[in-house]
Number of protein chains: 2
Amino acid sequence: MKRKITLKQIARELDVSISTVSKALRNSAEISEDTKQKIQAFAKLYNYRPNNIALSLKNRRTNTIGIIIPEIVHHFFSKVISGVELVANKRGYNVIIGLSNESFSKEVINMEMLANGSIDGFILSMSKETLKLQDYHHFNETMTQGMPIVMFDRVVSDVKCDKVIVDDFNGAKKAVGKLIENGCKSIALITTKDYVSVGKLRTQGYLEALEEHQMPPKAELILKIDESLDYEAHLEGLEKEIEQLFQSNPKLDGVFAVNEIYALLAMKVARKLGLDVPNDVQVIGFTDGVLSKHATPSLTTVSQHAQHMGEKAAELLIDKLESEFNSADEVFQTVVITTDLVERESTK
Amino acid sequence: MKRKITLKQIARELDVSISTVSKALRNSAEISEDTKQKIQAFAKLYNYRPNNIALSLKNRRTNTIGIIIPEIVHHFFSKVISGVELVANKRGYNVIIGLSNESFSKEVINMEMLANGSIDGFILSMSKETLKLQDYHHFNETMTQGMPIVMFDRVVSDVKCDKVIVDDFNGAKKAVGKLIENGCKSIALITTKDYVSVGKLRTQGYLEALEEHQMPPKAELILKIDESLDYEAHLEGLEKEIEQLFQSNPKLDGVFAVNEIYALLAMKVARKLGLDVPNDVQVIGFTDGVLSKHATPSLTTVSQHAQHMGEKAAELLIDKLESEFNSADEVFQTVVITTDLVERESTK
DNA sequence: GAAAGTCACGAAAACGTTTTCGTGTTAAGA
DNA sequence: TCTTAACACGAAAACGTTTTCGTGACTTTC
């Protein structure tokens, strides 16, 4: 088990100084051709690679970016990571991840852990608990210390930083518009409680689409799910709620759900009640996850281009990191990713 | 934008030496109570936190572990990461990820990038290309330099290191046994080409189960899919192949597939051909992914406990990192995670 | 043959820590 | 009063780099 070789060892071995070795390996004109070749050959032989940690300490930058997300076992988030990793790698950066698990305190701890020199900047999506508590001090403190943050998807206007968001409002509007076009007269919305910003925006899009077509919204058609419960564990309860929605609205012929699971459950309930999708009731979901594609019937969805979001976020962050003038130019961008309606079998 | 405060600044501010500050903050008995309190108060006021990079350089350990996986947008892998992150965090480690994208060269590059001081050890699952090329020099070189590796799921006996694997053989055997118990007489296998070790083992399990029940295997019941094509892009082709399998075996009444997608497609084809699942044909898949749970009918699967694999791998790695005697005790463990059959609606 | 310039290299500082080993001051013991 | 011990602190090295500056040996120039 031989340790990695260092400049010092090469220097001692070849009987020159450390500086000479360093310069030779960086091909400095200061060093004669002879010594350069000798040193480079030796270095190659022993497979010398500069120690990243030492470089980080010297340069005061790690070329690593930190991602903090609520959970990783989630198609949307892993797709975002994938995008971040793609451009990060292309531009010579590593990616380190921290999971908040939707908990405020884990988010704070994770950020503090990484902020002490481990990374150059953050890409993050807030935990539900943080959104609920509206406590953003850790973001602001991080930024005051000169560490840039790019937020995606779950953002909040109280924090001034670069952001990448999905056009939730128009995505929802487009989807509901499609249902109306397709002849739906009674369209239900299955959404989350309002403190989740994206749920709120999608709800507004739903309402706007109705209004535009002179269809008065009805409170009994809107089902707001409390997501503080882990819904994977409460699938039956959820199903019950949705079944009730169907039963108290017998004329229901369209459903817009703010995520895949809700949409799939709606289809399941519909089938159970003897309704055919898409002939009796049409369903559209949000998020281009893997479930939508492989469901039967496959689900029409509003695609949020998660990977593209990740790429954009990484570009924003790295651009900021590499701009010299990060002293006073406090201009923050918000990039809006437009959504697409991916039509599949659950709509006509 | 104030930079993070350092020991040196505190020392200058309080007119003591750097050593004194360091010792005071670590509560050394060498320093008088008075000075300790003064320094600690000052440090707390300015929210001092030691710089991780400097610590890493000094201690020659980063308390960070690297994960290299083929892709992250995959329920199994993200679940594993989730497990790794859980115990890593609990034990004071960070997690940094590299994606090989199933490519040999990206795997090599990523590992080299991280091996130069950025991390203390690897947890990884090999890319398909690496498995095909059978070129393992990068693993061996990494280990020679004193950096431990724990492999999971896709492993190979040529590399001597700690491993965490799924009991693919018995999992498959159990599944096929279940189908036989349930009365299936003609059971198809949908698997991958043999170079993917897990595919091979699951195939052997299938054969063993048949043999144990005195059912001769038939070549026409075994469909080997070439996974070098990205199957997400070749779903139709895949479906065709499976349809052919059904048509050339009209008495088919059971299907064992080595992953979710194949199993779902089998169900889809069955439905298309007018066969009821599970009454006419029963289906079992491998991997407890999200698709199985939400499919209709929901899919009976062999659960591999991905999260548990990740936890185990992390424990193995960290234990090795923290054992003092990592000099000569070249004992490598292979932990086998037993599978469970999760029965759902696709079997009787 | 002396002044000036070029060449090739080394010494040392710096990044932010921790830790070992002094060292000066004071108090206790003889 | 002198020695010794305890106490409280500082200097410096070390981790592995890069880079600035200095310097000795040679070569060129008049």
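Chain identifiers are assigned alphabetically (A, B, ...) following the order of the sequence lines, protein sequences preceding nucleic acid strands; residue numbering begins at 1 within each chain. Note: hydrogens, waters and symmetry copies are ignored here, and every other heavy atom, side chains too, is used.
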Problem - Whole-Å gap separating P (C:dG10) and CZ (A:Arg12) - result: 15 Å
Handout entry: Distance in angstrom units between A:Leu14 CG and C:dG10 P, rounded
Key = 11 Å
Exercise for the section: Determine: side-chain N/O of A:Lys8 to OP1/OP2 of D:dA14, distance under 4.0 Å, yes or no. Expected result: no
Fill in the blank from the handout: To the nearest angstrom, the CG-P distance between B:Asn52 and C:dG16 comes to 13 Å
Exercise for the section: Kindly compute the distance separating NZ (B:Lys79) from NE2 (B:His308), expressed to the nearest 0.5 Å. Expected result: 13.0 Å
Completion exercise
Between CG of B:Asn51 and P of C:dC15 the distance, given in whole Å, is 12 Å
Exercise for the section: Could you name each residue pair satisfying salt bridge (charged side-chain N to carboxylate O under 4.0 Å, His left out) that touches residues 104-126 of chain A, not counting sequence neighbours? Expected result: A:Lys106-B:Glu85
Exercise for the section: Sequence neighbours left out, what pairs pass salt bridge (charged side-chain N to carboxylate O under 4.0 Å, His left out) with at least one residue falling in residues 138-148 of chain A? Expected result: none
Exercise for the section: Could you name each residue pair satisfying salt bridge (charged side-chain N to carboxylate O under 4.0 Å, His left out) that touches residues 31-45 of chain B, not counting sequence neighbours? Expected result: B:Glu33-B:Lys36
Exercise for the section: Report the residues that fulfil side-chain contact (heavy atoms from CB on, under 4.5 Å) with B:Ser105, sequence neighbours left out, ordered by chain and then residue number. Expected result: B:Ser103
Handout entry: d(CZ, B:Arg60; C1', D:dA13) in whole Å
Key = 14 Å
Exercise for the section: Nearest whole angstrom, please: distance from the C1' of C:dC15 to the NZ of B:Lys4. Expected result: 16 Å
Completion exercise
Residue set satisfying salt bridge (Lys or Arg N to Asp or Glu O under 4.0 Å) with A:Asp319, at least two apart, ordered chain then number -> A:Arg91
Problem - salt bridge (charged side-chain N to carboxylate O under 4.0 Å, His left out) contacts touching residues 5-30 of chain B (sequence neighbours left out) - result: B:Lys23-B:Glu30
Exercise for the section: Take the C1' atoms of the five end pairs on each side of the helix from C:dG1-D:dC30 to C:dA30-D:dT1, get both axes, and report the angle to 10 degrees. Expected result: 70°
Exercise for the section: Please list all pairs passing the ring pair (Phe, Tyr, Trp, His ring centres under 6.0 Å) test where one or both residues lie in residues 103-150 of chain B, with sequence neighbours left out. Expected result: B:Phe104-B:His138
Handout entry: Electrostatic pair B:Glu129:B:Lys132 at N-O distance under 4.0 angstrom
Key = no
Handout entry: Nucleotide D:dC15, atom C1' - distance to CG of A:Leu57 in whole Å
Key = 9 Å
Handout entry: Presence of A:Arg61 side-chain N/O under 4.0 Å of C:dC15 phosphate oxygens OP1/OP2
Key = no
Practice task
Mind running a 4.0 Å heavy-atom check of residues 33-43 of chain B against DNA chain D and sending the residues that fall below it, in number order?
Solution key: B:Thr35
Fill in the blank from the handout: Its contact letters, B for base, S for sugar-phosphate only and - for none at protein heavy atoms under 4.0 Å, make nucleotides 18-24 of chain D read BBBB---
Fill in the blank from the handout: Applied to residues 7-54 of chain A, the ring pair (Phe, Tyr, Trp, His ring centres under 6.0 Å) test, sequence neighbours excluded, yields A:Phe42-A:Tyr46
Problem - All side-chain contact (heavy atoms from CB on, under 4.5 Å) counterparts of A:Lys4, not counting sequence neighbours - result: A:Arg49, B:Asn116, B:Gln145
